[in-house]
Amino acid sequence: MLQVSYIRDNKEQVLARLAVKNFKQPELVDEILALDDNRKQTQNRLDSTSAEANAAAKRIGELMRTGQKEEAEKVKSQTGTWKEDIKRFGEELTSIEQELHQKLVQLPNLPHSSVPVGITPEENEVVLEHGEKPTLPENALPHWELAAKYNLIDFELGVKITGAGFPVYKGKGAKLQRALISFFLDEAEKAGYSEVMLPLLVNEASGFGTGQLPDKEGQMYFVGQDNLYLIPTAEVPVTNLYRDVILKADELPVKNTGYTPCFRREAGSYGAHVRGLNRLHQFDKVEIVQVVHPDTSYSVLEEMSSHVQGLLQKLGLPYRVLRLCGGDMSFTASLTYDMETWSAAQQRWLEVSSVSNFETYQANRLKLRFRNAEGKTQLAHTLNGSALALPRIVATLLENNQTENGIKIPEALVPYTRFEYID
RNA sequence: GGAGAGGUGUCUGAGUGGUCGAAAGAGCACGCCUGGAAAGUGUGUAUACGUCAAAAGCGUAUCGAGGGUUCGAAUCCCUCCCUCUCCGCCA
């Protein structure tokens with residue numbers, strides 16, 4: 001959520017930035033400013049009326065104590081209109097604030113100045129490519145066939161017990177999941193992140209705090225009986241750990257990592273691109289989250305991007321890094337890097353990580369602040385990234401590493417799998 | 001799920017209609033004391049909004065949330081949420 005004071009002081013810039021994000025309702029900006037003016041006026045009226053009423057109430061108290069009953073009654077008789085006014089102004093203020101809030105949450109975050117202009121994924125900027133795309137033998141198989149051949153993943157069984165998009169991992173397939181999770185967590189810990197294990201269901205306030213609500217309401221599974229949402233990413237519970245918190249300056253940066261399953265309805269997805277592990281309703285992911293001083297957030301973003309790239313390098317997967325264009329970026333991000341691995345059998349790039357700086361956008365919703373050098377409270381910056389999401393890593397790993405002897409496990413992972421080949 | 005108790009500032013905890021943004025203690029910060037530290041001692045120590053160029057100051061709101069009674073509510077009433085204890089169920 002943007003701060004109204006910021007919008008007021010930088011209106012032209014806000015409009016220009018929103019345009020980069022391909023935002024379709026610039027008129028909201030003026031509406032918000034007008035509502036805010038109205039809010040201030042109404043609050044002023046309410047405050048001064050309340051002040052008068054409070055003063056009178058105090059007077060009455062004094063008069064009663066000193067036995068001046070008649071005088072007290074006289075003052076009392078004047079309080080009627082104040083009471084009505086206070087009620088009326090209060091109701092007005094509430095309704096203005098609600099309308100303001102409702103419009104404010106419709107504004108996406110402002111993109112960073114380095115974000116390329118563009119609408120579609122094709123307009124994302126390729127920052128770098130790393131590693132050789134492997135050339136596979138003629139009879140190379142896509143991962144869903146490999147998963148069946150080696151009995152690693154059973155999609156049909158998942159359909160039976162739940163539905164499409166809920167795979168069952170078996171044998172070495174299951175162990176591979178566990179190995180990747182442990183590997184990612186250990187690497188994160190080495191990089192200074194402390195591990196947390198979290199609730200997989202969150203309340204509405206948490207969903208709002210990180211920006212999933214109200215924007216992505218339809219993408220989350222909802223447990224109506226208890227009013228809880230299944231998390232679409234560990235970002236939600238991890239970041240909400242710091243909701244309504246004022247950190248000391250020396251507590252920054254906060255670095256957390258957590259493994260969780262993630263649940264996404266993926267309403268509207270279909271077709272060949274969702275085959276196998278490409279798109280699931282439930283998948284596993286290790287997330288890294290940082291809460292940092294605003295001055296450092298962009299260097300931290302680079303650091304997080306390097307961490308993710310380091311993981312891909314250790315796994316020996318060819319990848320590229322994209323700087324997302326304004327139109328392809330999420331609602332809440334200021335700058336996002338996507339990491340994609342090359343799936344040799346499918347001959348296409350698969351997104352395996354997304355690393356973003358949210359600047360104060362989430363912090364403002366979360367009321368996540370720190371005490372700055374002047375001793376004042378200031379909004380912190382939040383960042384997060386997948387490090388990493390498993391399914392597409394598994395997909396490329398299976399496809400790219402297929403040999404005549406089976407699927408070769410990357411060296412870095414062998415201590416975790418305790419087998420070198422899937423055969 | 002049943003019965004009971006309770007939700008006050010960073011924490012403990014007092015406060016049952018006015019002098020309460022809130023005693024006291026702890027913690028924390030700064031100063032004094034000390035060779036240095038501890039002890040001792042002094043001062044300070046919520047957040048948001050508004051007013052203001054800004055700071056100070058001032059005003060308003062906030063004692064789980066919302067509503068009500070009253071000139072006046074942390075305190076009385078109603079609704080909801082949450083926590084704890086006991087019972088039941090149970091990995």
Side-chain angles (χ1 to χ4, degrees), chain A residues 1-11 32-105 197 199-209 213 223-229 237 240-252 254 261 360 363-380:
Chain A
M1 192 161 64
L2 301 177
Q3 295 166 88
V4 179
S5 58
Y6 182 86
I7 299 174
R8 181 175 301 283
D9 296 341
N10 306 276
K11 185 178 152 191
I32 284 166
L33 292 179
L35 275 169
D36 192 49
D37 282 336
N38 201 348
R39 187 197 112 244
K40 284 184 190 178
Q41 277 173 30
T42 308
Q43 171 144 22
N44 255 321
R45 276 196 287 254
L46 174 64
D47 284 359
S48 51
T49 313
S50 298
E52 288 182 79
N54 287 346
K58 210 169 231 175
R59 270 281 316 290
I60 293 169
E62 279 161 26
L63 293 171
M64 295 292 254
R65 215 168 317 111
T66 52
Q68 297 171 263
K69 274 224 160 126
E70 256 176 59
E71 271 296 307
E73 286 303 325
K74 228 166 131 190
V75 180
K76 241 191 228 189
S77 64
Q78 303 170 338
T79 56
T81 51
W82 285 330
K83 244 188 135 176
E84 281 168 33
D85 286 350
I86 288 171
K87 187 165 183 181
R88 200 177 73 243
F89 293 146
E91 282 165 0
E92 258 176 65
L93 185 62
T94 307
S95 101
I96 292 167
E97 280 173 344
Q98 278 171 358
E99 198 184 341
L100 179 61
H101 182 260
Q102 183 264 329
K103 285 190 195 288
L104 211 46
V105 297
M197 211 171 208
L200 305 181
L201 283 85
V202 296
N203 57 30
E204 190 181 339
S206 294
F208 176 79
L213 295 173
V223 184
Q225 196 165 18
D226 293 297
N227 253 296
L228 298 170
Y229 296 84
N240 273 281
L241 253 21
Y242 303 95
R243 171 151 50 86
D244 290 319
V245 166
I246 301 175
L247 294 160
K248 292 178 188 151
D250 63 11
E251 289 177 297
L252 299 175
V254 171
T360 59
N364 192 30
R365 294 176 159 230
L366 294 159
K367 295 198 181 69
L368 164 50
R369 292 154 294 174
F370 70 100
R371 218 167 277 287
N372 64 22
E374 290 96 60
K376 295 199 161 187
T377 57
Q378 187 182 340
L379 292 174

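In what follows, chains carry the letters A, B, and so on, assigned in the order in which the sequence lines appear, proteins first and then strands, with residues in each chain numbered from 1. Predicted model, so just to flag it, every value in this text is computed and none were measured.
- I86(A) places its CD1 atom 13 Å from the P atom of G68(B), with the value rounded to the nearest Å.
- The nucleotide whose nearest atom lies closest to any side-chain atom of A57(A) is, among C71(B), U60(B), G68(B), C71(B).
- Distance alone, capped at 3.5 Å, is enough to place a donor-acceptor pair between the R365(A) side chain and the F208(A) backbone.
- Across the strands present, G59(B) finds its partner in C49(B); the criterion is a Watson-Crick or G-U wobble pair with both atom distances under 3.5 angstrom.
- Checking S206(A) against N203(A) by side-chain atom types alone, a donor-acceptor pair falls below 3.5 Å.
- Shown here, G40(B) forms a base pair with C32(B); the pair counts as Watson-Crick or G-U wobble because both key distances fall under 3.5 Å.
- With both ends at atom C1', the span from A73(B) to G67(B) equals 14 Å, rounded to whole Å.
- One atom, NZ of K58(A), and another, C1' of U19(B), lie 8 Å apart when rounded to the nearest Å.
- For the pair D244(A) CG and U62(B) C1', the computed distance is 13 Å after rounding to whole Å.
- Here U70(B) is the nucleotide among U70(B), U47(B), U60(B) with the atom lying nearest to any side-chain atom of K83(A).
- Atom-to-atom distance recorded for R59(A):CZ and E71(A):CD is 6.5 Å, nearest 0.5 angstrom.
- In this structure, a donor-acceptor pair under 3.5 Å is present between the side chains of Q68(A) and T66(A).
- For S50(A), counting side-chain heavy atoms from C-beta on, the closest listed nucleotide (C71(B), C49(B), A61(B)) is A61(B).
- The gap from the P atom of G4(B) to that of U8(B) amounts to 22 Å, rounded to the nearest Å.
- The same atom, P, is picked in U47(B) and in G9(B); the two are 14 Å apart, to the nearest Å.
- For A29(B) and A46(B), the P atoms lie 16 Å apart once the distance is rounded to whole Å.
- Here the P atom of nucleotide U47(B) and the NZ atom of K376(A) are 11 Å apart, to the nearest Å.
- Shown here, U85(B) forms a base pair with A3(B); the pair counts as Watson-Crick or G-U wobble because both key distances fall under 3.5 Å.
- Base pairing of U70(B): no nucleotide in any strand meets the Watson-Crick or G-U wobble criterion (both distances under 3.5 Å).
- Of all nucleotides present, none satisfies the Watson-Crick or G-U wobble test against G17(B) with each distance under 3.5 Å.
- The pairing partner recorded for A23(B) is none, the criterion being a Watson-Crick or G-U wobble arrangement whose two distances lie under 3.5 angstrom.
- Taking atom CD on E52(A) and atom P on A61(B), their separation rounds to 13 Å, with Å as the unit.
- Rounded to whole Å, the distance from NZ on K76(A) to P on G72(B) is 9 Å.
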